[in-house]
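Working notes, structure below.
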2 protein chains.
Amino acid sequence: MPKSLRSPRHQRFLAQLISLRKAKGLTQEQVAEKLGRPQSFVAKYEGGERRLDVVEFLDVTAALDTDPCEILSSLQL
Amino acid sequence: MPKSLRSPRHQRFLAQLISLRKAKGLTQEQVAEKLGRPQSFVAKYEGGERRLDVVEFLDVTAALDTDPCEILSSLQL
DNA sequence: GCAGCCTATCCCAAAATGGGATAATCCGAA
DNA sequence: TTCGGATTATCCCATTTTGGGATAGGCTGC
């Protein structure tokens, strides 16, 4: 795992994405499908193996049917 | 430039960051200093030569003294 | 234990990054 | 217009990250 992805903020970020996906009752496979990517893509960003850039993040929150700002606000500082 | 960074949304994203920095009267060097990074870092993400992940984005908006959500909302779809 | 679903990991060629150094541009003053 | 400092873009290239199909590993209920 890239070490830049080990910060506490990143950890919280990932935890949010994961719990949000589960709360929506979606599998990695289903999210992957919405994103037009393989399941390994979702597994990797959720596992911190790969980072999400800003535009990708918006795509993911759209797939999760969620407001991106809500996630960001929980990461402030 | 990585081709993943050529989408219209990304272009708008970059344009926002740049105009925001200028509006605040800051140079790349000054932003870089706040971020604890070299000027080339700022030059690269502004130029689309490098992507910003979500946490880095928050750092940048903090350096620009700006609300990240405002930028995101202008990128929706 | 087995079946089925879900998630993590492998592999490694290809692509992206880091950052100091340096080139190129911009811009106001003389 | 020319000069010079300030600002931004580009070089270089070793190191790090990524892409994604295949496959291993886990978990749950039966």
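These numbers come from a predicted model, not from an experiment. Quick note on labels: first sequence line is chain A, next is B, and so on, each numbered from 1.
- Between R51(B) and the phosphate of dT17(C), there is a side-chain N or O to OP1/OP2 separation shorter than 4.0 Å.
- Atom CZ of R37(B) is separated from atom P of dG18(C) by 6 Å (rounded to the nearest Å).
- For R50(B), no side-chain nitrogen or oxygen approaches OP1 or OP2 of dT10(D) to under 4.0 Å.
- Inspection of the Q28(B) and Q39(B) side chains reveals an N or O donor paired with an N or O acceptor under 3.5 Å.
- When the P atom of dG19(C) is taken as reference, atom OH of Y45(B) falls 14 Å away, rounded to whole Å.
- Summary of the strand contacts: T27(B) and E56(A) both lie near DNA chain D, and taking for each the nucleotide with the nearest heavy atom, the more 5' one is attributed to T27(B).
- In this structure, the CD atom of E49(B) is 8 Å from the P atom of dT10(D), given to the nearest Å.
- Ion pairing between a basic and an acidic side chain is recognised when a charged N comes within 4.0 Å of a carboxylate O; D59(B) and R9(A) show such pairing.
- Nearest heavy atoms, L26(B) versus A63(B): CD1-O, 4.0 Å.
- Two residues, P38(A) and Q30(B), neighbour DNA chain D, and the one matched to the more 5' nucleotide by heavy-atom proximity is Q30(B).
- The CG atom of L14(A) sits 11 Å away from the P atom of dA8(C) (whole-angstrom rounding).
- Distance CD (Q28(B)) to C1' (dG19(C)): 14 Å, rounded to an integer number of Å.
- A pairwise comparison of heavy atoms in E46(A) and L14(A) identifies O-CD1, 3.8 Å as the closest pair.
- Listed pair R21(B) / dT7(D) fails the phosphate criterion, with no side-chain N or O lying under 4.0 Å from OP1 or OP2.
- Nearer to the 5' terminus of DNA chain C, by closest-nucleotide assignment, is the contact made by K44(A) (compared with the other of F41(B) and K44(A)).
- The distance from atom CG of L35(B) to atom C1' of dG18(C) is 15 Å, rounded to the nearest whole Å.
- Rounded to an integer number of Å, the gap from CG of D53(A) to C1' of dT17(D) is 13 Å.
- Looking at L52(A) and L17(A), their side chains come closer than 4.5 Å, going by heavy atoms from C-beta outward.
- If you check distances only, the side chain of Q39(A) does reach the base of dA8(C) with a donor-acceptor pair under 3.5 Å.
- Residue I18(B) contributes atom CD1, which lies 17 Å from atom P of dT25(C) at whole-angstrom precision.
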